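Report on the following structure.
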Amino acid sequence: MMAYNVLIVDDSATMRALVRKVLNIAGLELGECFEGANGREALVILENNWIDLVLSDLHMPEMDGAALVKALRQNKMWQTIPVVLITTEGRQEVLAPFFKSGIQGYIRKPFRPEDIKEQLHTILGEAWIPNDRELEGCDF
Amino acid sequence: MIENLKAATFEVLETMFFIFPESLEEANTLFHGPGLRAWVPVEGPKNFRVGLTLSVSLAREMAANFLGVEKDEVLPDRMEDVVKETANMVAGSFLRREEAPETFNLKPPMAQPMDLDAEIWKENAHHVLLAVEDSGIEVFLDKSQ
């Protein structure tokens with residue numbers, strides 16, 4: 001079974017820790033889990049590591065999620081990496097351009113662990129290892 | 001507008017923290033001791049702030065729930081980060097509920113410590129006071145920016 005290297009991009013260290021925790025309990029075959037506090041840090045990590053999935057916030061200082069998605073889609077090495085936005089943004093007119101630019105999905109904060117699980121299941125398909133027992137009653 | 005702010009707050013606290021606040025008349029008597037205030041500036045055709053104020057003890061409990069650790073394991077910067085992230089989520093949910101146009105943008109959240117005993121706590125058109133057991137949470141919309 002292939003293990004996925006995941007990059008979590010969020011300016012909140014606490015939110016990154018939470019997402020990492022949810023990934024760990026959600027049944028994804030995790031390889032390495034990298035963290036960046038903004039798009040700029042994410043690009044440095046991408047330059048030096050093999051990343052299979054990017055989970056990114058939208059509103060971040062220095063380089064936001066929009067600029068990160070644009071940079072990923074313009075780079076031949078990275079343009080096929082699945083990107084899922086994890087964001088407080090819920091307005092469809094704001095999110096629509098991101099779907100046009102090729103993001104695979106979005107998870108709106110606040111979220112339940114199941115929301116992340118369902119998104120990743122949709123994107124990663126057969127690579128997913130269902131693990132409902134551990135998610136039941138999960139209180140973060 | 002205030003109903004959407006209240007609904008956004010309930011959604012965030014219940015979904016992310018498993019905290020179920022109540023609207024109580026005596027909520028204004030529940031603000032004591034050291035506290036934290038966090039807010040998100042919203043920029044657009046009109047500028048305003050969406051924020052919340054709560055006691056350090058409740059913030060610590062929320063951070064512990066959020067991170068799945070014991071309360072005494074929560075570091076102060078993590079506690080502040082959780083309160084800022086809470087304000088961020090409330091602001092995002094509020095804008096969505098208000099169907100605010102895309103010209104309104106959330107800016108990075110900010111926070112400051114507070115002495116809750118030094119304030120007068122009153123509910124009005126732009127301030128909601130909620131109770132979580134024996135602690136209060138103020139949620140506000142500040143249009144004075």
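Sequence lines set the chain letters: A, B, ... in the order given, protein chains first and strands last, and positions in each chain run from 1. Only a predicted model underlies this, so the values are computations on that prediction, with no experimental measurement involved.
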Fill in: Separation between CD of E93(A) and OG1 of T103(B), rounded to the nearest 0.5 Å
9.0 Å

Worksheet item: Where on A100(B) is there a heavy atom nearer than 4.5 Å to chain A: the side chain, the backbone, both, or neither?
Response: both

Worksheet item: For F104(B), is it the side chain, the backbone, both, or neither that has a heavy atom closer than 4.5 Å to a heavy atom of chain A?
Response: both

Worksheet item: Which pairs with one or both residues in residues 8-21 of chain B pass salt bridge (Lys or Arg N to Asp or Glu O under 4.0 Å), sequence neighbours excluded?
Response: R108(A)-E11(B), E11(B)-R96(B), E11(B)-R97(B)

Practice prompt. Give a yes or no on whether Q79(A) atom CD has more than 12 heavy-atom contacts from other residues, nucleotides or ligands under 6.0 Å away.
Written response: yes

Would you say [X] and [Y] are hydrophobically clustered, going by side-chain heavy atoms of ILVMFWY under 4.5 Å?
X	Y	answer
M60(A)	I86(A)	no
L58(B)	L129(B)	no
L18(A)	L120(A)	yes
V139(B)	M1(B)	yes

Worksheet, complete the sentence: Shortest non-hydrogen pair, M16(B) vs F111(A), comes out as SD-O, 3.1 Å

Worksheet entry | Atom of S12(A), atom of E85(B) and distance for their closest heavy-atom approach | CB-OE1, 3.4 Å

Discussion item. Under a 3.5 Å distance rule, please check whether D81(B) uses its side chain to pair with a backbone N or O of A13(A) as donor and acceptor.
Written reply: yes

Fill in: Test item: R91(A) side-chain N/O and L95(B) main-chain N/O as donor-acceptor pair under 3.5 Å
no

Worksheet item: Any side-chain heavy atom of H59(A) within less than 4.5 Å of one from N88(B)?
Response: no

